[in-house]
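Below is one structure; the comments refer to it alone.
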Amino acid sequence: MKLLVTGGAGFIGSEFIRYWMQHHHEDKITNLDLLTYAGNLENLKEVEENPNYNFVKGDICDRDLVFDLVKDVDLVVHFAAESHVDRSVLDSSAFLRTNILGTQTLLDAVKEYGKRFHHVSTDEVFGSLQLDDPAFDESTPYAPRNPYSASKAASDHLVRSYHITHGIKMTISNCSNNYGPYHFPEKMIPLFISNLMEDKTVPVYGDGDQIRDWIYVTDHVRGIEAVIEKGKIGETYCLGGKDAEVTNLELTKTMIKLLGKSEDLIEFVKDRPGHDRRYAINYAKAQKELGWEPLVGLEEGIQNTIDWFESHKEWADRCRSGEYQEYYNKQYHS
Ligand code: NAD
Ligand code: DAU
């Protein structure tokens, strides 16, 4: 099989490529990535010499390029996106362009050449749960509450509309919060681990009572593999973590404990505007129809992630230089 992976130099896309090349030796992958601040070819060092792997630097909004690449593959796995909520609050332009118009460009090419399309999406499209609400599942109505999740919701709607209107062969997965190696240190877990390793304070938004359902990135990638191999065309699958619903404050204390640091490093800062209270996923459909379930528990996954960051300090330092430093100052010091 020939795959076009978009956004394969980012956190989850690079895990997908490393995993796929290890488990599907015969397949060929082309990785189309614009290498924005979040894209890093260092994440793909272990596959770059593989003759079945090919990198193309480019934009998913570039119609000619996208049509050329899609023509030659069997399957498109679409990760490319602007992915950080706080950045979408500061400026949503790139989110609407990449997440909506980029997806539309890919869908037009998929429609033209009759290819299979898997769309990687998020649980944030469902909005925010109260403490006693049932977890999100495939029948939960869409109710996005920030520009990032609104743009991802728009892209999901477009993908379904191309299936219904034009008959494209698509699947969608909506996954909860990922964490693990190569996670860009602007997101909570890698930011907090990096800060704690240097005895810096960790900025907990608001009261720290918000809840997320954390999934180890390899479990997410295994879920996408299961959807590609066993999912039904036209269907959506929700993927979530293994007993991993915790408040941000509880999770922060776990990271502090595992790193042997002091809770005095917790700093409560101004809350995120429109901060979603709780996300949680019911993955019963994926379990029943695909035989998939998450395997890595939260404490084990956090320990692996800490071990990885401790042995990849230069990787994190390089991510945190340049453009990222400007963003960090704007987000936390203005
Ligand atoms: P990321 O920000 O780490 O990586 C995004 C990648 O897309 C980068 O390599 C970037 O260079 C590339 N990219 C951005 N704009 C592009 C464009 N116009 N053309 C080509 N490439 C472009 O993101 P991630 O955390 O790996 O998320 C990947 C996907 O998974 C996204 O679609 C995101 O919405 C979804 N998702 C993420 C999570 C999570 O917790 N991180 C959870 C569920 C779903
Ligand atoms: O649920 C899936 C989503 O998870 C993905 O679609 C997004 O791409 C991904 O970024 C992630 O979104 P979140 O906003 O939930 O993740 P983030 O790591 O930014 O924040 C996790 C929680 O931690 C959230 O409640 C906000 C809080 N937080 C975050 C940062 C960066 C803090 O308290 N302090 C911080 O400095």
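Whatever order the structure lists them in is the order used to number ligands and atoms, beginning at 1.
Y205 and Y148 end up in different hydrophobic clusters when Ile, Leu, Val, Met, Phe, Trp and Tyr side chains are linked at under 4.5 Å. Hydrophobic clustering keeps Y113 apart from L3 (ILVMFWY residues linked when any side-chain heavy atoms are closer than 4.5 Å, directly or through intermediates).
Each of the following atoms of ligand 1 lies closer than 4.0 Å to a heavy atom of L35: 11 (O). When each atom of ligand 1 is checked for a heavy atom of K152 under 4.0 Å away, the hits are 31 (C), 32 (O), 33 (C), 34 (O). Taking every heavy atom of G39 and a limit of under 4.0 angstrom, the matching atoms of ligand 1 come to 8 (C), 9 (O), 11 (O). Listed by atom number, the atoms of ligand 1 under 4.0 Å from S121 heavy atoms are 43 (C), 44 (C).
Partners of D156 under the salt bridge (charged side-chain N to carboxylate O under 4.0 Å, His left out) rule, at least two apart in sequence or in another chain, do not exist in this structure. Scored by the side-chain contact (heavy atoms from CB on, under 4.5 Å) test, E310 finds M197, L259, I306, D307 as partners (sequence neighbours excluded).
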Identify all side-chain donor-acceptor contacts of residues 67-82 below 3.5 Å with residues at least two apart in sequence or on another chain.
unit_1, atom_1, unit_2, atom_2, d
D74, OD2, K2, N, 2.6
H78, ND1, T6, OG1, 2.7
H78, NE2, T103, OG1, 3.0

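Considering backbone and side-chain atoms together, D33 places an N or O closer than 3.5 Å to an N or O of ligand 1. The shortest N or O to N or O distance between H220 and ligand 1 is not below 3.5 Å.
Of the candidates N177, V120, D123, the one placing a heavy atom closest to atom 35 (C) of ligand 1 is V120.
For the residue pair W292 / D219, no side-chain donor-acceptor distance below 3.5 Å is found, with atom types taken as modelled.
Remark: the backbone N or O of S176 is paired with a side-chain donor or acceptor of N178 at under 3.5 angstrom. Proximity of a side-chain donor or acceptor of D133 to a complementary backbone N or O of Q130 within less than 3.5 Å is detected.
The part of Y148 lying near ligand 1 is the side chain, judged by heavy-atom distances below 4.0 Å.
No option in R116, H163, K232 other than R116 meets the side-chain hydrogen bond (donor to acceptor under 3.5 Å, both in side chains) test with T171.
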Quick check for students: name every N or O atom pair between ligand 2 and the protein closer than 3.5 Å, with distances.
unit_1, atom_1, unit_2, atom_2, d
ligand 2, 1 (O), D123, OD1, 2.5
ligand 2, 1 (O), N177, OD1, 2.7
ligand 2, 4 (O), N177, OD1, 3.4
ligand 2, 4 (O), N177, ND2, 3.0
ligand 2, 6 (O), T122, OG1, 2.7
ligand 2, 6 (O), Y148, OH, 2.7
ligand 2, 8 (O), S83, O, 2.7
ligand 2, 8 (O), Y148, OH, 3.1
ligand 2, 10 (O), S83, O, 3.3
ligand 2, 12 (O), E124, OE2, 2.9
ligand 2, 14 (O), R272, NH1, 2.6
ligand 2, 14 (O), R272, NH2, 3.4
ligand 2, 15 (O), N177, ND2, 2.8
ligand 2, 15 (O), R212, NE, 2.8
ligand 2, 16 (O), N177, ND2, 3.4
ligand 2, 18 (O), M188, N, 2.8
ligand 2, 19 (O), R272, NH2, 2.9
ligand 2, 23 (O), N248, ND2, 3.4
ligand 2, 25 (O), R212, NH2, 3.2
ligand 2, 25 (O), N248, ND2, 2.9
ligand 2, 25 (O), H275, NE2, 2.7
ligand 2, 33 (O), Y205, N, 2.8
ligand 2, 34 (N), P203, O, 2.7
ligand 2, 36 (O), P203, O, 3.4
ligand 2, 36 (O), Y332, OH, 2.5

